Protein chains: 2
Amino acid sequence: MMMDTRAYLDAHFPQFEPELKAEMAEIAEIRNIPAGETLMRTGQNIRSTVLVAEGRLKLYREGHDEGEIFMYYLEPGNACALSMICGQQQETSGVMLKAIEDSTVILVPVKFMENFMQRYKGWYNFVVETYRERFEELLTLIDHIAFRAMDERLVYYLGNQREKLGTSKLHITHGEIATDLHSSREVISRLLKKLEQQGKVKLHRQYIEML
Amino acid sequence: MMMDTRAYLDAHFPQFEPELKAEMAEIAEIRNIPAGETLMRTGQNIRSTVLVAEGRLKLYREGHDEGEIFMYYLEPGNACALSMICGQQQETSGVMLKAIEDSTVILVPVKFMENFMQRYKGWYNFVVETYRERFEELLTLIDHIAFRAMDERLVYYLGNQREKLGTSKLHITHGEIATDLHSSREVISRLLKKLEQQGKVKLHRQYIEML
DNA sequence: CAACGATGGTGACCCAGGTCACCGTTACAA
DNA sequence: TTGTAACGGTGACCTGGGTCACCATCGTTG
């Protein structure tokens with residue numbers, strides 16, 4: 001189904017003022033991203049704020065030499081906090097955005113940010129709230145990797161997945177989990193088995209059932 | 001030396017519009033924090049944005065049960081990004097602010113934030129820039145603890161200290177470094193000695209000289 | 001059906017770094 | 001002067017988790 005910018009804004013950004021949505025519809029660009037594709041921000045400077053209209057994307061922090069770590073999901077109604085900030089300079093800051101479902105994003109050139117900020121409370125609140133949430137999320141990530149052991153991180157990860165994906169049958173491979181937690185498949189397999197013995201999950205081929 | 005709010009603003013926040021500074025001087029509160037004192041934000045909700053006028057503070061992330069990790073310094077002219085966000089709800093988000101020098105902060109109640117944001121470009125730019133810098137800093141922290149080994153983190157830490165403190169004689173104990181990196185004194189001592197053998201630093205009692 | 005790739009299980013091994021125990025040195029206070 | 005606390009050094013030991021090697025199972029495609 002093909003929708004136009006205004007329809008997406010109406011559907012997922014109800015808190016925006018009608019006039020704001022009208023202005024945005026004029027200037028924004030729509031982009032479709034097929035599942036699996038990554039918007040690497042490692043060189044290509046995004047000069048637009050990214051609003052998610054459809055689908056689901058995963059945001060990763062990339063290590064200096066190979067390796068990555070999962071930060072958080074972006075869903076319809078969310079925005080990429082980084083893309084709101086990075087705009088002015090082409091700082092790329094080793095972050096990777098990957099679509100895990102076919103997704104649609106709305107790109108609003110950053111040059112309008114300041115103007116919208118001053119004229120629309122709906123936009124101001126949205127931006128502040130976005131920063132706040134992502135900041136919290138990064139702090140949570142920091143204390144997980146700094147203070148928690150892998151088994152605890154795994155439990156948290158699985159809980160998070162269930163919540164975000166809205167199902168307790170997680171169709172995710174051990175290898176993917178290992179990538180997201182920046183660990184290795186073997187370790188994740190071992191820990192999962194331990195969780196199964198504790199009766200917290202049930203392992204199946206291709207998916208994990210949470211109990 | 002006792003200065004008033006306006007004098008501090010003139011000294012360290014030259015990018016603010018004169019009218020903004022005038023308004024702020026009316027409503028802001030000044031607080032002095034002696035060296036060593038901590039503004040724990042674990043329960044006490046800061047309803048004000050914290051601007052640093054004098055001194056130097058360290059911001060830590062606290063672990064769930066004891067333990068902490070150093071995030072970054074706040075210096076005159078900086079603001080605590082978290083205090084800009086957390087304001088509305090009393091979310092405390094396990095962060096600790098510790099003065100390492102006698103410090104003075106300017107507290108601007110958050111209820112003025114939105115208003116200033118819309119009326120003063122100087123304030124808007126300051127806030128956006130603050131978010132951007134701190135976000136970057138958190139991302140850097142994340143990839144250090146996620147991807148780097150302790151020796152590399154130590155080197156980075158020392159370089160950072162030299163830069164921020166403006167001297168290559170670092171008056172800091174091994175124990176403090178261990179706390180900041182969330183490691184243990186013995187490990188830091190061993191790694192420092194290795195760095196000394198590599199000719200990168202010279203160890204003295206009470207301070208470390210960087211070469 | 002055969003072959004291959006993706007997935008997952010398992011044991012053996014290794015190592016960074018956390019912990020423990022203990023000691024030496026320096027500074028400062030009683 | 002003598003405690004005493006802070007600081008720093010060092011060896012012994014342990015463990016979480018990363019790595020390697022290899023094998024089993026399943027689904028898909030030629």
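Bear in mind that the values here come from a model prediction, so they are computed numbers and not experimental data. Residue numbers begin at 1 in each chain, while the letters A, B, ... track the order of the sequences.
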Nucleotide nearest Arg205(B) (side chain, heavy atoms from C-beta), chosen from dA6(C), dA6(D), dG18(C): dA6(D)
Rounded distance in Å - CD1 (Ile172(A)) to P (dT7(C)): 11 Å
Residue Val187(A), side-chain atoms from C-beta onward, closest of dA21(D), dG18(D), dG8(C): dG18(D)
Under-3.5 Å donor-acceptor pair between Gln206(B) side chain and dC7(D) base: no
Nearest-nucleotide comparison on DNA chain D, the residue closer to the 5′ end among Glu186(A) and Asp151(A): Asp151(A)
Spacing of Leu154(A) atom CG relative to dG16(D) atom P, expressed in whole Å: 16 Å
Flag side-chain contact, heavy atom, 4.5 Å: Thr104(A) against Ile33(A): no
Atom pair CG/CG of Leu191(B) and Leu158(B) - distance to nearest 0.5 Å: 10.0 Å
Contact nearer the 5' end of DNA chain C, comparing His204(A) with Arg190(A): His204(A)
Exam field: side chain Ser103(A) to backbone Ala99(A), donor-acceptor pair closer than 3.5 Å: no
Parallel, tilted or perpendicular: ring planes of Trp123(A) versus Phe126(A), cut at 30 and 60 degrees: tilted
Nearest-neighbour nucleotide for the Met150(B) side chain, dG8(D), dG8(C), dG18(C) considered: dG18(C)
Candidate nucleotides dG8(D), dG17(D), dG8(C), ranked by approach to the side chain of Thr173(B) - the nearest: dG8(D)
Shortest side-chain distance from Ala149(B), nucleotide among dG17(C), dG9(C), dG24(C): dG17(C)
Side chain of Ser184(A) - closest among dG9(C), dA6(D), dG18(D): dG18(D)
Phosphate contact (dG8(C) OP1 or OP2) by Ser189(A) side-chain N/O below 4.0 Å: no
Arg185(A) CZ - dA21(D) P separation (whole Å): 14 Å
